[in-house]
S.K.: 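Here you go, one structure.
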Amino acid sequence: MQVKALPGFREFYPPDAALRNHIFSAWRTVATRYGFEEYDGPPLEPLELYTQKSGPEIVSQLFEFIDKGDRHVALRPEMTPTLARMVTARAPALKKPIRWFSIPQLFRYEKQQKGRLREHFQLNMDLIGEPGPLADAEIIAAAIDIQRALGLGTGDVRVRVSDRRLLTALIEAAGFPEDRVSIAYEAIDKIERVPREELLRRLREAVPAGGNPAAAERVLALAEVRGRGSLDQALGRHPEAAPASEELIEAIDALDSMGLGEFIEIDLSIVRGLAYYTGIVFELFDAQRSLRAICGGGRYDGLLKALGGVDLPAVGFGMGDVVLGELLKSRSAAGEALRRLDAFLVAVTVEDRPTVLALAHALRDRGLSIEFALKEQAVARQLRIAASRPAKRAVVIGPDERKQGAAVVRDMSTGTEERVPVATLADYLAGGTAGDA
RNA sequence: GUGGCUGUAGCUCAAUCGGUUAGAGCGCCGGACUGUGGCUCCGGAGGUCGGGGGUUCAAGUCCCCUCAGCCACCCCA
């Protein structure tokens, strides 16, 4: 039995690698379009880098070990601590706001499921040094434009947006104890997974005797706020929370102005598990809601400082390649990256081979993608290979052609042939319109 | 980490009540076809039926263990 790949680790056969490159290319294109610069860091880091942020519980979910120098190390499960360290180290010299992106391969030791492996690539885009809601809007817009660049529209993906400042204000306005907000967060986060009665029970338990008896119901009602009208109603019931809605409204208005409003839904049930988010939080989903989140992010103004770094506000997101790839495959928007040769060179006889080799090399030097038969084969066989590559054209070189200093160029999709002088062959192949060239 | 479902060729699947040498389509390789592909026809390679153990005259089929995948939980990238 051959040794298999480890569970949760992928092998990329050429079609898979093509899809991955397609996704990476969209990531880089859009990030660059938004003025973001690429960075990278070490894939292996000291374990403390992660425990200081997430606590010792994180260790069970990491690929971690003791190296030969007795260092406790971990394969990186996320990019943010590395980013924080890099930004902090050069913070005084970096022009603000900092717009950086990276495409790290990340690792987690968890039981795998569909869309969730032990390894994945994740686009990280972060905008550091700008506290205002236009920065949030930029980040969300970039996440959406990546979907658009991949051919996905409002019928395919949606963004659900909330704001922790607003949600906290509403929870408190609902009469829920201020020191128990995290319990309210947890209940709201689980609104789609845990029965309503169970959540109510947990919330009631958190309200002390003598507290507001209606608080639990009101908190749960917040989790059902969807859309602007619904938010306005909630703010009508709790007017003291209204000032906390300003940033969210401003960011959404900005996205409207960009023409991306159709993608956006206010959804106060979006909490995000991570404790360090301080403002706007958002998630990107497929419209059918049949897959896991494509992308999640938000504002984390206190995190860099908490990690022992500079005190700069920040907003960003992570977008994995796994769910996105599944969505593209299900939408059959994945296959455009099909490889095509510019030409397949056919040698009619062995005596034609030196000419074919010389020609192949000259054409490759011109940047054309060229193949030829690696052994003596019938012309019919060589053409069959050319068709299956697939090649846009076949270039046939036989004794007659050599005498004339020409080649027969066959368009493989139409079957039409043309006699082309060898001297102009490269231009002919490069400039032609055969197939979908 | 917990629980449930599923594992037959590269892919999608079939194989009667437990019965003889596990099949098909697609794909792959070759031939019909020694200067013209796609169509057609013919042939071939490819399986330790996920792995191990057990029951039985006999196991792809039944039982146990294990591994892997999928689903839910946990957690979230």
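Letters A, B, ... are given to chains in the order of the sequence lines, protein chains preceding strands, and every chain is numbered from 1.
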S.K.: Under 3.5 Å, which donor-acceptor pairs do the side chains of residues 117-134 of chain A form with other protein atoms, sequence neighbours left out?
M.R.:
unit_1: A:R118; atom_1: NE; unit_2: A:E110; atom_2: O; d: 2.8
unit_1: A:E119; atom_1: OE1; unit_2: A:R10; atom_2: N; d: 3.2
unit_1: A:E119; atom_1: OE1; unit_2: A:R10; atom_2: NE; d: 3.4
unit_1: A:E119; atom_1: OE2; unit_2: A:R10; atom_2: NE; d: 3.3
unit_1: A:E119; atom_1: OE2; unit_2: A:R10; atom_2: NH2; d: 2.7
unit_1: A:E119; atom_1: OE2; unit_2: A:Q105; atom_2: NE2; d: 3.2
unit_1: A:Q122; atom_1: OE1; unit_2: A:N124; atom_2: ND2; d: 2.9
unit_1: A:N124; atom_1: ND2; unit_2: A:Q122; atom_2: O; d: 3.3
unit_1: A:D126; atom_1: OD1; unit_2: A:Y300; atom_2: OH; d: 2.4
unit_1: A:E130; atom_1: OE2; unit_2: A:G132; atom_2: N; d: 2.7

S.K.: Let's see if you get this right: which residues in residues 30-51 of chain A place a heavy atom under 4.0 Å from RNA chain B?
M.R.: none
S.K.: Which residues satisfy the side chain to side chain contact (heavy atoms under 4.5 Å, CB included) test with A:A74, sequence neighbours excluded?
M.R.: A:L47, A:Y50, A:L62, A:E64
S.K.: Using Watson-Crick and G-U wobble pairs whose two distances are both under 3.5 Å, how do you write the pairing of RNA chain B as dot-bracket, with | for links to another strand?
M.R.: (((((((..((((.....[...)))).(((((.......))))).....(((((..]....))))))))))))....
S.K.: Between B:U36 and A:Q382, counting only base atoms on the nucleotide and side-chain atoms on the residue, is there a donor-acceptor pair under 3.5 Å?
M.R.: no
S.K.: For A:H361, enumerate each residue passing the side chain to side chain donor-acceptor pair (under 3.5 Å) test, keeping only those at least two apart in sequence or located in another chain.
M.R.: none
S.K.: Can you sort out the partners of A:D286 under salt bridge (charged side-chain N to carboxylate O under 4.0 Å, His left out), two or more places apart, ordered by chain and number?
M.R.: none
S.K.: Just the table, please: protein N/O against nucleotides 26-30 of chain B N/O, every pair under 3.5 Å.
M.R.:
none

S.K.: Say you draw a straight line from NZ of A:K392 to CZ of A:R340; how long is it, rounded to the nearest 0.5 Å?
M.R.: 6.5 Å
S.K.: Please enumerate all protein N or O atoms sitting under 3.5 Å from an N or O of nucleotides 44-47 of chain B, with distances to 0.1 Å.
M.R.:
none

S.K.: Can you pull out the residues from residues 344-362 of chain A that lie within a 4.0 Å heavy-atom distance of RNA chain B?
M.R.: A:V348
S.K.: Does A:Y109 have more than 12 heavy atoms from other residues, nucleotides or ligands lying within 6.0 Å of its OH?
M.R.: no
S.K.: Residues of residues 395-405 of chain A with any non-hydrogen atom less than 4.0 angstrom from an atom of RNA chain B: list those, numerically ordered, please.
M.R.: A:V396, A:G398, A:P399, A:D400, A:E401
S.K.: Do the side-chain N and O atoms of A:S269 and A:E224 include a donor-acceptor pair separated by under 3.5 angstrom?
M.R.: no
S.K.: Do any N or O atoms of the protein come closer than 3.5 Å to N or O atoms of nucleotides 1-11 of chain B, and which pairs are they?
M.R.:
unit_1: B:U2; atom_1: O4; unit_2: A:K111; atom_2: NZ; d: 3.4

S.K.: Sorted by first residue and then second, give each side chain to side chain donor-acceptor pair (under 3.5 Å) pair with at least one member in residues 12-21 of chain A; sequence neighbours left out.
M.R.: none
